[in-house]
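When reading the values below, keep in mind they use all heavy atoms of this one structure, side chains included, and skip hydrogens, waters and symmetry mates.
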Amino acid sequence: MARERRLTELAQDEEAAWARVEALIAARKPADYDAAVALLVDPRALAEREDRLHDFTRLCTALRHTHAHKPSIVTRSNRANL
């Protein structure tokens, strides 16, 4: 129930979640990379719930491309199956 509430709230301002992920990655700290990857769990669940997994995958691919020069974030994304 709490997760569904989080997903419903996320649906109201999904762009803010992506902006937060970008900000964490921009900090270039390993702990922030972990937090960024963890933050993507709910947007993925929301995309699955709303049958928009293709959009989520496209955004993750763009994120990986943008930060391809940061192997640590790429490795963390791979481990999280993003």
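Distance check, rounded to the nearest 0.5 Å: CZ of F56 to CD of E50 gives 13.0 Å. Atom CG of L82 sits about 5.5 Å away from atom CG of L40, to the nearest 0.5 Å. Between atom CD of residue E9 and atom CG of residue L7 there is a gap of 9.5 Å, rounded to the nearest 0.5 Å. To the nearest 0.5 Å, atom NE2 of residue H67 and atom CD1 of residue I73 are 7.5 Å apart. One finds the CZ atom of R44 at 9.0 Å from the OG1 atom of T57 (value rounded to the nearest 0.5 Å). Summarising the geometry, atom CG belonging to L46 is positioned 11.5 Å from atom CZ belonging to R6; distances are rounded to the nearest 0.5 Å.
No donor-acceptor pair under 3.5 Å is formed between the side chain of R3 and the backbone N or O of A45.
Counting non-hydrogen atoms of neighbouring residues, nucleotides and ligands closer than 6.0 angstrom, the CZ atom of R20 reaches no more than 12 such neighbours. Residue H69 places its NE2 atom among more than 12 non-hydrogen atoms of other residues, nucleotides or ligands, all under 6.0 Å distant. Within a 6.0 Å radius of CZ in R52, other residues, nucleotides and ligands contribute more than 12 heavy atoms.
Minimum interatomic distance between A36 and V21 (heavy atoms only, all atoms of both residues): O-CG2, 3.8 Å. Taking every heavy atom of both residues into account, Y33 and R28 meet most closely at OH-CA, 3.5 Å.
In this structure, L24 and V37 have side chains that are not in contact, with every pair of non-hydrogen atoms separated by 4.5 Å or more. You'll find the side chain of E4 stays beyond 4.5 Å of the side chain of M1, heavy atoms only.
One hydrophobic cluster, built from ILVMFWY side chains closer than 4.5 Å, cannot hold both V41 and I25; they sit in different ones.
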